[in-house]
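Structure, as structure tokens:
Just so we're on the same page: letters track the sequence lines, and every chain starts at 1.
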Amino acid sequence: MRTRVRLFREQIAQRAGAILDLDASHLADAISDPPSQELGDLSLPCFQLAGPLKKAPAAIATQLAAAQWDFPWIEGVDTAGPYLNFKLRRDHFARLALERVEQGGEQWGAGQSGAGKRVLVEYSSPNIAKHLAVHHLRSTMLGQAMANLLRCAGHEVISWNHLGDWGTGFGKLLACWDQFRDTDNLDDPPLESREDPVSDLNALYVQFNQASESDPQLDSLARDWFRKLESGDPHAVERWQRIRSVSLDKFDTIYQRLGVHFDETVGESHYQDAMLEMVDQLKGAGILEQSDGADVVRLSEEIPPMLIRKQDGATLYGTRDLASAVLRHQMFPFDRCLYVVDAGQGLHFRQVFGVLKLLGYSWADQLEHAEFGVMRLQVDGAWKKGKTRGGQVVLLEDVLEQSVQLASDKVRAKNPDLDDDQVAQISEAVGVGAVIFSDMKSARRKDVNFDLDKILSFDGETGPYLQYTHVRFCSILRKASPLKLVSGGGERLVEAEELVLLKRILRFPEVIARAARDAEPSHLSQYLLELAGEFNTYYAQHRVISDDAQLSGDRLALVEALRRTLGRGLKLLCVQPLERM
RNA sequence: GUCCCCGUAGCUCAGCUGGAUAGAGCAUCGGAUUCCUAAUCCGGAGGUCGCAGGUUCGAAUCCUGCCGGGGACGCCA
């Protein structure tokens, strides 16, 4: 049992210090839960006091146990060797937990750790004219959850989508437009009125690459088109914008399903001028050096130089990231800026941050690469990153559809009384929730194997498990609502399993603060799984609604507090809490 | 070769700022449904916490080295 309740720690440490006549405020951090409930509810290990007091830890524990602990919330004090164990008054504890949730209202769990601080979070950042694939799930969902968590912890959050909308690839697409008019004329039917314009663009793109192998002319044509685009040729720009626009529309429909929202969507195309200015700035600062005909900035011994301009004078994406960081800080002076990008780009970001620091930007230290591990797919029985055997990516849309379809079968089987609309709504939430949660369950740095079978099993530590638990809460509350039972403030919540749940509830704000601080949504995922597990254990042993009206009232209050905690937590992770499933 | 990340049960992972017998899920074996949804719960079996040192009263947790896996290392993003 790792649950710690921060609430009482300071008071215990302070009192211990007073009894022993020394400063013991640092002991608050050492106070934790005993390994078993028989020993007590909170525990102070006395090892650290042995040095300054020149006494054995066990003797100190004994001395402390003999002193006055006249807090209203302490029921008893005892020792177990060098440990001083406290038994808490459960009614007091219960009242406190229920009050906290009640007072929190819609904001339950919110904190002030981020008050007055602004955080910019960059995530998702897909390339236009392509589909969102499963591997985009990581950055997109981790980033959105981080934004939600940071906001909940009191920060002002700017969510930022750094769109890949520039590069020679678009020259190819523009070349296709004229060159492959016979195979697919993008003006007839016009791109905008097509059912799936992005797939059509992809098809053309693939065809272009195949054709260019035997016809090198095509590549130079593509370069010409990109030059036109760069120089602002109206014809090229107009077509590029249409491609961009249909792509964004497509992204938005999926973002909406996933509960993803951006405050700012700024494409790489936006930094054309800023990149040139950045190069000048680097020159002016005297840190731009020639190396093999290219321009680089040398950093420390450990980090290789950052390449700024190629031999042909063209800038690279790193230069774009430099310019983008400066722009972001101008637009939204931040206290922290997260880049939710895969771990493979670790060096790149160290270089970017390093160069900004060389340029004298004090806020360079506030930039943070919130890296995550790669997503691997199963290919011929082995886990590999990137693509399937055929070389094609697995589309996010398709995965969501499969998951929703499977959920639908299950929902319908379990709830024959629901109409089609309700089934559709519930299966959407369950199917999408399963996919989302699977991605946020473990620490972000770990590589994940995208195991669709496992995700679709809906068993064990999954999104549907949490949703099911939430449904149980709702089901109990629904059944009890006509009874109009009133809670007596929780004084009847004296079962061991109830104390476990009350402690769990009280920790909620701390978990959110920690998850926000570490940019680690899995802290919350793990917490919610533990909450659900503890409740389901409780549920199997105790009835909430019984003939005892007072007891029922208190237990219902507990269930309501749990429902609000789990519901809030799920929403922060972009998983929809349900009332039925 | 240099740098970064990872290494805990057969598999996938928790274990927060070091604290009392290392925990879940999956898989496996055995149980639970007159009762608030069994998408659940209970029990069994399963671990030299990669290895070796070090710091400490105490190390899965901190430090160093080694081994193993993954990734990155100038003209892609």
For [N], does OP1 or OP2 lie under 4.0 Å from any side-chain N or O of [X]?
{"X": "A/S442", "N": "B/U12", "answer": "no"}
{"X": "A/K454", "N": "B/A27", "answer": "no"}
{"X": "A/Y465", "N": "B/C41", "answer": "yes"}
{"X": "A/R472", "N": "B/A38", "answer": "yes"}

With heavy atoms under 4.0 Å as the rule, sort [X] into base, sugar-phosphate or nothing.
{"X": "A/R445", "value": "sugar-phosphate"}
{"X": "A/I545", "value": "base"}
{"X": "A/M306", "value": "nothing"}
{"X": "A/E371", "value": "sugar-phosphate"}
{"X": "A/Q48", "value": "base"}
{"X": "A/A443", "value": "sugar-phosphate"}
{"X": "A/G346", "value": "nothing"}
{"X": "A/A50", "value": "nothing"}
{"X": "A/H369", "value": "nothing"}
{"X": "A/N85", "value": "base"}
{"X": "A/D292", "value": "base"}
{"X": "A/T462", "value": "nothing"}
{"X": "A/E302", "value": "nothing"}
{"X": "A/I303", "value": "nothing"}

Of the nucleotides [options], which one has an atom closest to the side chain of [X]?
{"X": "A/S43", "options": "B/C16, B/A20, B/C13", "result": "B/A20"}
{"X": "A/K446", "options": "B/G7, B/G74, B/A20", "result": "B/G7"}
{"X": "A/L316", "options": "B/C36, B/G25, B/C76", "result": "B/C76"}
{"X": "A/K310", "options": "B/U12, B/A20, B/C75", "result": "B/C75"}
{"X": "A/K479", "options": "B/U21, B/G7, B/C36", "result": "B/C36"}
{"X": "A/T537", "options": "B/C42, B/U8, B/A20", "result": "B/C42"}
{"X": "A/P45", "options": "B/U21, B/G19, B/C3", "result": "B/G19"}
{"X": "A/D459", "options": "B/G19, B/U40, B/A14", "result": "B/U40"}
{"X": "A/N536", "options": "B/A77, B/A20, B/U40", "result": "B/U40"}

Base-pairing assignment for [N] (Watson-Crick or G-U wobble, both under 3.5 Å):
{"N": "B/G1", "result": "B/C73"}
{"N": "B/G68", "result": "B/C6"}
{"N": "B/C13", "result": "B/G23"}
{"N": "B/U55", "result": "none"}
{"N": "B/C41", "result": "B/G31"}

Quick check for you: to the nearest 0.5 Å, what is the distance between A/R138 atom CZ and A/E371 atom CD? 11.0 Å

How long is the gap from CD on A/Q576 to CE on A/M581, to the nearest 0.5 Å? 11.5 Å

Closest nucleotide of RNA chain B for A/Y317 versus for A/F47: which of these residues is on the 5' side? A/F47

Residue whose closest nucleotide on RNA chain B lies nearer the 5' end, A/L84 versus A/H542: A/L84

Salt bridge present between A/R227 and A/E230 (N-O < 4.0 angstrom): no

Checking the side chain of A/N449 only, and the main-chain atoms of A/D451 only, is there a donor and an acceptor separated by less than 3.5 Å? no

Students often mix this up, so state it plainly: with edges at 30° and 60°, are the rings of A/H470 and A/F473 parallel, tilted or perpendicular? perpendicular

Out of A/F353, A/Y339, A/F349, which one pairs with A/H369 under the ring pair (Phe, Tyr, Trp, His ring centres under 6.0 Å) rule? A/F349

If I take atom CG in residue A/D547 and atom C1' in nucleotide B/C35, what distance separates them, rounded to the nearest angstrom? 12 Å

